[in-house]
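Okay, so here's the structure we're looking at.
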Amino acid sequence: MSGPVNREIHLAARPDGWPTAENFRLVETEVPKPGPGQLLVRNRFMSVDPYMRGRMNDVKSYVPPFALDAPLDGGALGEVVASEADGFSPGDVVLHGLGWREYALVDARSARTVDPELAPLSAYLSVLGMTGLTAYAGLLEVAGMRPGETVFVSAAAGAVGSLVGQIAKLKGAARVVGSAGSAAKVERLRALGFDAAFDYHDGPVRDSLKAAAPEGIDVYFDNVGGDHLEAAISAMRLHGRAAICGMIAQYNDTAPPAAPRNLALLIGKRLTLRGFLVGDHGSLREQFVQEMSGWLREGRVSYDETTVDGIENAPAAFLGLLRGENLGKMLVRL
């Protein structure tokens, strides 16, 4: 290869059930040159997210599947190296959607400049980025949480869930309950201000939730699906609402899920279960960034990041995310 080398991660094969390292391939290519309206960006951080598992399947969904033998993509943040677009100069730091590679050729219309002085760069992929907006919009607009209500969050030590719980408390929730996958994560939730938290390995989720919220719940923020959703439906009070953000419990299943088995309760309890995509709530971005940056400055919101170094370790970071090895946002530093 004559020019500078770019390393990127390709999807080598579609997973059947749980992905493995063999589903990914590290490929070396030449660093591309930008054409009119394009930027060459040297990525510094990239995000790995649960939704990416669904894109590895060749099925029709709200976003096209990843192509075989081509780079994956996802949220990334990097420095402009060369620009052929008005309004962008070398040295600018931009947020864009072409992760899983060291150098990205980005259409300037899909890049957004960020201020590296306002917050650590990685925060734009976590608490101040899509992750934070997902928590904010899902809790406040989709579920319509009101002061005085009881909120239950699954995968509550994850990037989105940990913010949902804190925002709920800041917005006046009477009680916030979280589930997580280890004793250490449960302790972290208590430190973040959750009123109660439990390890879902310790017994049936339905029993643990009943003990943590004996009077029932009004809002459920669902990152898991399966037995968590079933337990939440049982615990919901009249006119309860669930914001369905993700269902990681069944992303790697090859058989239909066993739960929830109690959907008939939606009728008598007049429940609302509403799926959502953060992209539908862009109108909230300015309000969200203003409010969240204020909370961060005042020390009222904490956030966790788990960082893995090197593009070659991006597949391991993604597999670790699916196994719950992260605390907060899982990022790869390039």
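As the structure is a computational prediction, the values presented were derived from the model and not from experiment.
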Met145 side, atom CE; Lys171 side, atom NZ - distance, nearest 0.5 Å: 8.5 Å
Strictly distance-based, threshold 3.5 Å: is any side-chain N or O of Arg206 a donor or acceptor partner for the main-chain N or O of Ser234? no
Check whether Ile167 and Val160 end up in the same hydrophobic cluster, where Ile, Leu, Val, Met, Phe, Trp and Tyr are linked by side-chain heavy atoms less than 4.5 Å apart. yes
Minimum heavy-atom separation for Arg101 and Leu334, please, with both atom names. O-CD1, 3.5 Å
Rounded distance [0.5 Å steps], CG in Leu229 versus CG in Asp222: 5.0 Å
If you look at every heavy atom in Trp100 and Ser47, which pair is closest and at what distance? NE1-O, 4.3 Å
Heavy-atom count check: over 12 atoms from other residues, nucleotides or ligands less than 6.0 Å from Asn57 CG? yes
Nearest 0.5 Å, please: how far is CZ in Phe66 from CG in Leu72? 4.5 Å
Below 30° counts as parallel, above 60° as perpendicular, anything between as tilted: where do the rings of Phe221 and Phe276 land? perpendicular
Pairing donors with acceptors under 3.5 angstrom, does anything connect the side chains of Asn43 and His96? yes
Between Arg333 and Asp309, is there a donor-acceptor pair closer than 3.5 Å when you use the side chain of the first and the backbone of the second? no
Should the pair Tyr200 and His228 be assigned to parallel (<30°), tilted (30 to 60°) or perpendicular (>60°) ring geometry? perpendicular
Please round to the nearest 0.5 Å and tell me the distance separating atom CE of Met292 and atom CG of Leu170. 8.0 Å
Under 3.5 Å, is there a donor-acceptor pair between the side chain of Arg175 and the main chain of Ala173? no
Heavy-atom count check: over 12 atoms from other residues, nucleotides or ligands less than 6.0 Å from Lys269 NZ? yes
Cation-pi check, Arg42 onto Tyr103 ring (under 6.0 Å, within 45° of axis): yes
Tell me, do Phe152 and Ser179 make a side-chain contact under 4.5 Å, heavy atoms counted? yes
Could you give me the CA-CA distance, side-chain angles and deciding distance for Val177 and Phe198, then say whether side chain to side chain contact (heavy atoms under 4.5 Å, CB included) is met? CA-CA 8 Å; Val177 177; Phe198 61 86; 4.0 Å; yes
Results of salt bridge (charged side-chain N to carboxylate O under 4.0 Å, His left out) for Arg190 - residues two or more places apart only: Glu187
Hey, quick one: are Val301 and Val278 part of the same hydrophobic cluster, counting side-chain heavy atoms closer than 4.5 Å, chains of contacts allowed? yes
Is there a donor-acceptor contact under 3.5 Å from the side chain of Arg25 to the main chain of Ala13? no
Spell out, as yes or no, whether a donor-acceptor pair under 3.5 Å connects the side chain of Asn223 to the backbone of Gly246. no
Linking I/L/V/M/F/W/Y whenever their side-chain heavy atoms sit closer than 4.5 Å, directly or via other members, would Ile248 and Tyr62 fall into one cluster? yes
Got a donor-acceptor contact below 3.5 angstrom from the Lys185 side chain to the Gly324 backbone? yes
Between Arg146 and Asp218, does at least one N-O distance fall below 4.0 Å, as a salt bridge requires? no
Strictly by modelled atom types, are Tyr303 and Gln166 linked by a side-chain donor-acceptor pair under 3.5 Å? no
So which atom in Leu105 and which in Leu98 form the shortest heavy-atom distance, rounded to 0.1 Å? O-CD1, 3.3 Å
Closest non-hydrogen atom pair, Ala21 against Leu319: N-CD1, 3.8 Å
A side-chain contact here means heavy atoms from C-beta on lying under 4.5 Å apart; do Asp115 and Tyr124 qualify? yes
So, does His10 use its side chain to make a donor-acceptor pair with the main chain of Leu68 at under 3.5 Å? no
In the structure I gave you, are the side-chain heavy atoms of Asn23 and Met56 within less than 4.5 Å of one another anywhere? no
Is the backbone N or O of Ser154 less than 3.5 Å from a side-chain atom of Tyr220, with the two atoms forming a donor-acceptor pair by type? no
Anything under 30° is parallel, anything over 60° is perpendicular, the rest tilted; go ahead and classify Trp295 against Tyr136. tilted
Tell me whether Arg237 contacts the main-chain N or O of Glu215 through its side chain, where contact means a donor paired with an acceptor under 3.5 Å. yes
Result block: side-chain N/O donor-acceptor pairs under 3.5 angstrom for residues 76-89, not counting sequence neighbours:
| residue | atom | partner | partner atom | Å |
| --- | --- | --- | --- | --- |
| Ser83 | OG | Ala85 | N | 3.2 |
| Ser83 | OG | Ala85 | O | 3.0 |
| Ser83 | OG | Phe88 | O | 2.8 |

Below 4.5 Å, heavy atoms only, C-beta onward: do Leu192 and Ser162 meet side chain to side chain? yes
A quick test of your reading: do over 12 heavy atoms of other residues, nucleotides or ligands sit less than 6.0 Å from CZ of Arg7? yes
For Arg109, look at atom CZ and say whether over 12 heavy atoms of other residues, nucleotides or ligands are found less than 6.0 Å away. no
In sequence, state the C-alpha distance, the side-chain angles, and the governing distance for Thr150 and Asp195, and then conclude on side chain to side chain contact (heavy atoms under 4.5 Å, CB included). CA-CA 10 Å; Thr150 296; Asp195 297 290; over 6 Å; no
If only side-chain N and O atoms count, and only distance matters, is there a donor-acceptor pair under 3.5 Å linking Thr20 with Glu22? yes
Electrostatic pair Asp49:Lys329 at N-O distance under 4.0 angstrom: yes
May I have the step-by-step check of side chain to side chain contact (heavy atoms under 4.5 Å, CB included) for Met236 and Leu266, ending in yes or no? CA-CA 9 Å; Met236 274 191 181; Leu266 270 64; over 6 Å; no
Would Ser182 and Arg188 satisfy side chain to side chain contact (heavy atoms under 4.5 Å, CB included), going step by step from the backbone distance to the final call? CA-CA 10 Å; Ser182 72; Arg188 179 58 182 155; over 6 Å; no
Tell me, with the steps shown, if Glu230 and Arg261 meet salt bridge (charged side-chain N to carboxylate O under 4.0 Å, His left out). CA-CA 7 Å; Glu230 182 173 283; Arg261 297 159 296 188; 2.6 Å; yes
Is it true that Leu322 and Val224 fall in one hydrophobic cluster, defined by side-chain heavy atoms closer than 4.5 Å? yes
Please answer whether the main-chain N or O of Met130 pairs with a side-chain N or O of Thr134 as donor and acceptor at a distance below 3.5 Å. yes
If you measure from CD on Glu305 to CG on Asn326, what distance do you get to the nearest 0.5 Å? 11.5 Å
Please determine which of Ile267, Asn262, Leu263 meets the side chain to side chain contact (heavy atoms under 4.5 Å, CB included) test together with Leu265. Asn262
Report yes or no: do Val94 and Leu125 belong to one cluster of Ile/Leu/Val/Met/Phe/Trp/Tyr joined by side chain heavy-atom distances under 4.5 Å? no
Hey, could you give me the CD1/CZ distance between Ile9 and Phe318, rounded to the nearest 0.5 Å? 12.5 Å
Closest non-hydrogen atoms of Ala119 and Leu128, given as atom of the first, atom of the second and distance, are CB-CD1, 3.7 Å
Are a donor atom and an acceptor atom from the side chains of Ser208 and Asp202 found within less than 3.5 Å of each other? no
Is it true that, when you exclude Glu286 itself, more than 12 heavy atoms of the residues, nucleotides or ligands shown sit nearer than 6.0 Å to its CD? no
For residues Ala183 and Asp199, report the shortest heavy-atom separation together with the two atoms involved. N-OD2, 3.7 Å
